Amino acid sequence: QNQDSTATQTITEENPAAEGFDAQNSDKKAIEIADAVMKASGGRKNWDETRLIAWTFFGRRKLYWDKKTGDVRIDYNNGKFKALVNVYGKEGEALKGKVMKDSVEITQADSLQKYLKRAKSIWINDMYWLCMPFKLKDSGVTLKYTREDTVQNGKKADVLTLTFKEVGDTPENKYEVYVDQETKLVAKWAYYPKASMDTARFAMPWLNYQKYGNLMLSDDRGRAKLSDIKVLDVVPEKLLTTFEKVELK
């Protein structure tokens, strides 16, 4: 008995929940599976120490995120919108950054705030599509173990339900996250705009896991793809301070 409880304790400490995670209403099994997902996806230490993540979202826009500083760059492929924004600012404070819209820099303060908020929302959305497995114990999240189910190829999966309390842009959402029982990687997710809904707006696979830096990331959502994923230890000069073209090595 004692040995088991110490083992569980160690795992939990390896992956402490974010401040504001709803541990009280989350169940133990769901939390243990979330910790196993973190471990299979590269581990908490590697996630915490990851510096720069870059990716292209659905072929539409390119994002660069300095995980350490919170500086984000977004470049739309059609050239119509570019933003540099710090996404770690305190709630309610003005966002810092620059925006180019249709090749013109936005300088008027209210407009700039509006577009920086839009940029931050794009980052929240696009980052979740790539990094959700690392965010199962985020602030405001309640985690429940729902059922056993199957995913692609008839593999068995544990299904976790994520709901949110007053966090992010869309707190009323609900996700079902299917965790492959063998690999402990997320194999599929289903999205419900309202937590009360029984029918998902969409369900998509998480396929083609590969190692980027020290992280295991999936770029294939079935009918939608994330591409050009890079995880780097060093942030190239000018990448997050100017709109100049910077090649990532």
Side-chain angles (χ1 to χ4, degrees), residues 7-8 11-12 14-15 17 26-47 50 53-63 124-138 141-164 170 173-231:
T8 319
I11 292 177
T12 316
E14 270 175 28
N15 184 33
S26 298
D27 54 55
K28 189 163 169 275
K29 186 169 184 177
I31 291 173
E32 282 171 7
I33 291 169
D35 289 339
V37 169
M38 174 64 86
K39 201 170 174 186
S41 304
R44 178 60 180 264
K45 188 170 181 286
N46 285 331
W47 171 247
T50 292
I53 304 180
W55 70 104
T56 296
F57 182 79
F58 297 176
R60 220 177 291 166
R61 51 190 175 237
K62 182 103 193 165
L63 290 93
I124 288 172
N125 177 74
D126 297 8
M127 181 269 296
Y128 209 68
W129 277 85
L130 180 68
C131 301
M132 178 273 295
F134 299 95
K135 303 183 68 60
L136 296 173
K137 289 166 74 175
D138 261 15
V141 171
T142 307
L143 266 189
K144 298 274 194 202
Y145 182 86
T146 314
R147 63 184 183 279
E148 186 180 271
D149 210 326
T150 51
V151 286
Q152 315 66 263
N153 318 333
K155 287 184 171 177
K156 284 191 172 171
D158 289 311
V159 183
L160 306 182
T161 300
L162 272 76
T163 47
F164 305 89
T170 45
N173 294 174
K174 172 174 84 175
Y175 285 91
E176 282 191 337
V177 176
Y178 293 67
V179 179
D180 184 314
Q181 285 182 352
E182 255 172 72
T183 64
K184 303 296 183 203
L185 293 168
V186 170
K188 176 181 165 181
W189 71 351
Y191 166 75
Y192 301 78
K194 297 252 180 298
S196 56
M197 290 180 164
D198 293 328
T199 311
R201 164 81 50 90
F202 63 74
M204 286 179 167
W206 283 56
L207 304 167
N208 192 35
Y209 275 90
Q210 289 180 44
K211 200 167 185 189
Y212 300 90
N214 293 314
L215 307 179
M216 292 295 289
L217 297 169
S218 145
D219 63 2
D220 185 349
R221 302 285 166 274
R223 60 176 189 267
K225 307 280 187 278
L226 303 160
S227 52
D228 308 323
I229 300 174
K230 286 195 168 63
V231 174

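This is a predicted model, so every value here is computed, not measured. Hydrogens, waters and symmetry mates are skipped; everything else that's a heavy atom, side chains included, is used. Numbering starts at 1 and runs along the sequence shown.
- Inter-residue side-chain proximity for Lys137 and Met38 is flagged as unmet; no heavy-atom pair is nearer than 4.5 Å.
- When side chains are defined from C-beta on, Arg147 counts as touching Tyr178, because their heavy atoms get closer than 4.5 Å.
- The aromatic rings of Trp129 and Trp189 stand perpendicular to each other, their planes meeting at an angle above 60°, with 30° marking the opposite boundary.
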Tyr128 vs Tyr175, ring-ring contact (aromatic ring centres under 6.0 Å, His included): CA-CA, chis, key distance, verdict = CA-CA 12 Å; Tyr128 209 68; Tyr175 285 91; 5.5 Å; yes
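- Contact of the Trp206 side chain with the Leu185 side chain is not registered, since no non-hydrogen atoms from C-beta on lie closer than 4.5 Å.
- Summarising the geometry, atom OG belonging to Ser227 is positioned 11.5 Å from atom CZ belonging to Arg60; distances are rounded to the nearest 0.5 Å.
- Closest approach of Ala224 and Met204 over heavy atoms only: CB-CE, 4.4 Å.
- Nearest heavy atom pair, residue Ile53 against residue Thr50, reads CG1-CG2, 3.7 Å.
- Once rounded to the nearest 0.5 Å, the distance linking OG1 of Thr56 with CG of Leu130 reads 11.0 Å.
- To the nearest 0.5 Å, atom CE of residue Met197 and atom OH of residue Tyr191 are 8.5 Å apart.
- The only option from Val37, Val177, Asp138 that meets the side chain to side chain contact (heavy atoms under 4.5 Å, CB included) definition with Met132 turns out to be Val177.
- Side-chain contact between Thr183 and Tyr209 is absent, with no heavy atoms from C-beta onward closer than 4.5 Å.
- When all heavy atoms of Ala195 and Thr163 are compared, the closest pair comes out as CB-CG2, 4.1 Å.
- A side-chain donor-acceptor contact under 3.5 Å links Ser218 to the backbone of Leu207.
- The neighbour count for Lys230 NZ, taken as heavy atoms of other residues, nucleotides or ligands under 6.0 Å away, is above 12.
- Two residues are said to be in side-chain contact when any heavy atoms from C-beta on lie closer than 4.5 Å; Leu215 and Phe134 meet this criterion.
- Of the possible donor and acceptor atoms, one in the side chain of Asp27 sits under 3.5 Å from a partner among the backbone N and O of Ala30.
- When all heavy atoms are compared, the tightest approach of Phe164 to Asn173 is CD1-O, 3.5 Å.
- Between Thr142 and Ser26 the shortest side-chain heavy-atom distance falls below 4.5 Å.
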Give the C-alpha distance, both sets of side-chain angles, the deciding distance and a yes or no for side-chain contact (heavy atoms from CB on, under 4.5 Å) between Leu217 and Val231.
-> CA-CA 10 Å; Leu217 297 169; Val231 174; 4.0 Å; yes
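- In terms of heavy atoms, Glu182 sits closest to Asp180 at N-OD1, 2.7 Å.
- To the nearest 0.5 Å, atom CG of residue Asn208 and atom CG of residue Asp220 are 6.0 Å apart.
- Expressed to the nearest 0.5 Å, how far CZ of Arg201 lies from NZ of Lys194 amounts to 9.0 Å.
- Atom OG1 of Thr146 and atom CD of Glu148 lie 12.5 Å apart (nearest 0.5 Å).
- Using a 4.5 Å heavy-atom cutoff, the side chains of Tyr212 and Trp55 are not in contact.
- Side chains of Leu143 and Leu162 form a contact here, defined as non-hydrogen atoms less than 4.5 Å apart.
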Side-chain atoms of residues 152-159: list all donor-acceptor pairs with protein atoms under 3.5 Å, sequence neighbours left out, distances to 0.1 Å.
from   : atom 1 : to     : atom 2 : distance (Å)
Gln152 : NE2    : Ala187 : O      : 2.9
Asp158 : OD1    : Tyr145 : OH     : 2.6
Asp158 : OD1    : Gln181 : NE2    : 3.1

